[in-house]
Amino acid sequence: MVIIWIFFFLSLLQESWSPGLAAEVPQALSCAKGQTCDPRLRRDAGGRGGVYEHLGGAPRRRKLYCATKYHLQIHASGKINGTLEKNSLFLGILEITAVDVGIVAIKGLFSSRYLAMNKRGRLYASETYNAECEFVERIHELGYNTYASRLYRTVPSGANNKRKASAERLWYVSINGKGRPRRGFKTRRTQKSSLFLPRVLDNKDHEMVRLFHTNVKYRESLLKPPNKNQRRRRGH
């Protein structure tokens, strides 16, 4: 009989505590009706939340060093090229962001433009993010990566062709031996011009980024178009 009374009192105590316990349980964050958010805030490499939510995550800040010895640059003018310079490589500091499994978007940190490839295989710097800005990222030998257009590729020829139709051929981001971008349909995965080594930023790069965000005059000096003498010295 005593045991029965003990169980009765324990059940009453459990009912009285349950509302308090439920209040302490964290609720899932609701983004919109019928959806649930990840409670972790998305942040970019600078620690700011929500900057790249439309791209799905925090970007990696890297410099893409081509096997042809050029660093990829994204210009505010819309131009894409490579540079041999190492001391003032501000246009070569990039933000690589995953938009899907194995798919990335590449944005110039200082130019605020996205690397893109059009239907003719030409590389350009886009002001806005669109489907032409998405690239398939693959890791190859010796740590080199390739970046192929997700949207455009060479499709197999028809059955009427005398030669056997080959598999689809991807169009790759490529910088030739003169620092100029190659047309996508002329590229191959095994070519040196299509291989890029993602390099982490060094102390000088981090200081450049800090000054760009904190010093107005420094930012204006970097974004100022080079004069003719500077362009002649750079060679591009």
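Computed from a prediction, not measured in an experiment: that's the story for all the values here.
Rounding to the nearest 0.5 angstrom, the gap separating the CD atom in Gln191 from the OG1 atom in Thr146 is 12.0 Å. Within the model, atoms CE of Met117 and CD of Glu132 stand 10.0 Å from one another, a figure rounded to the nearest 0.5 Å. Taking OH of Tyr124 as the reference point, atom CD1 of Ile80 lies at 10.0 Å (rounded to 0.5 Å). Taken from CZ in Phe196 to OH in Tyr144, the straight-line distance is 10.5 Å, to the nearest 0.5 Å. Atoms CG and CZ, from Leu197 and Arg62 in turn, are 10.5 Å apart once rounded to the nearest 0.5 Å. Remark: Leu109 CG to Ile74 CD1 distance equals 10.5 Å, nearest 0.5 Å.
At least one donor-acceptor pair under 3.5 Å links the side chain of Ser174 to the backbone N or O of Ser193. When atom types are taken as modelled, the side chain of Asn130 and the backbone of Thr128 share a donor-acceptor pair closer than 3.5 angstrom.
A 6.0 Å sphere centred on CD1 of Ile103 holds more than 12 heavy atoms belonging to other residues, nucleotides or ligands. Under a cut-off of 6.0 angstrom, the local environment of CZ in Arg188 is crowded, with over 12 non-hydrogen atoms contributed by other residues, nucleotides or ligands. The environment of CD in Glu127 is sparse: at most 12 heavy-atom neighbours from other residues, nucleotides or ligands sit within 6.0 Å.
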Could you go step by step and tell me if Glu134 and Tyr129 meet the side chain to side chain contact (heavy atoms under 4.5 Å, CB included) rule?
-> CA-CA 9 Å; Glu134 296 179 353; Tyr129 173 80; 2.6 Å; yes
Take Lys107 and Thr97 through the test side chain to side chain contact (heavy atoms under 4.5 Å, CB included) and record every step on the way to the result.
-> CA-CA 8 Å; Lys107 183 180 181 181; Thr97 308; over 6 Å; no
Check step by step if side chain to side chain donor-acceptor pair (under 3.5 Å) holds for Trp171 and Thr154.
-> CA-CA 7 Å; Trp171 293 6; Thr154 299; 2.7 Å; yes
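Ile139 and Ile96 fall into different hydrophobic clusters, where Ile, Leu, Val, Met, Phe, Trp and Tyr residues are linked whenever their side-chain heavy atoms come under 4.5 Å apart, directly or through other members. Leu195 and Leu84 are assigned to two separate hydrophobic clusters, defined by single-linkage of ILVMFWY side chains at heavy-atom distances under 4.5 Å. Linking Ile, Leu, Val, Met, Phe, Trp and Tyr whenever their side-chain heavy atoms come within less than 4.5 Å leaves Leu91 and Tyr65 in two separate clusters. Follow the hydrophobic side-chain contacts under 4.5 Å out from Tyr152 and you never reach Tyr172; the two are in separate clusters. When the side chains of ILVMFWY residues are joined at heavy-atom separations under 4.5 Å, either directly or via intervening members, Leu94 and Phe135 end up in a single hydrophobic cluster.
Annotation: side chain of Arg183 is in contact with side chain of Arg122 (closest heavy-atom distance under 4.5 Å).
Checked for salt-bridge contact, Asp205 and Arg61 miss the test: no charged N lies under 4.0 Å from a carboxylate O. Salt-bridge check for Glu207 with Lys204: failed, with every basic side-chain N at 4.0 Å or more from each acidic carboxylate O.
Pairing each heavy atom of Thr187 with each of Gly184, the nearest pair is OG1-O, 2.6 Å. Among all heavy-atom pairs drawn from Asn145 and His140, the shortest one is C-CD2, 4.3 Å. When every heavy atom of Leu123 is checked against every heavy atom of Pro181, the shortest pair comes out as CD1-CB, 3.8 Å. Here the shortest heavy-atom pairing between Arg113 and Gly78 reads NH1-CA, 3.8 Å. When every heavy atom of Lys192 is checked against every heavy atom of Ala67, the shortest pair comes out as O-CB, 3.2 Å. Across Leu64 and Tyr147, no two heavy atoms sit closer than the pair CD2-OH, 3.7 Å.
The six-membered or imidazole ring of Phe212 lies away from that of Phe90, with a centre-to-centre distance of 6.0 Å or more.
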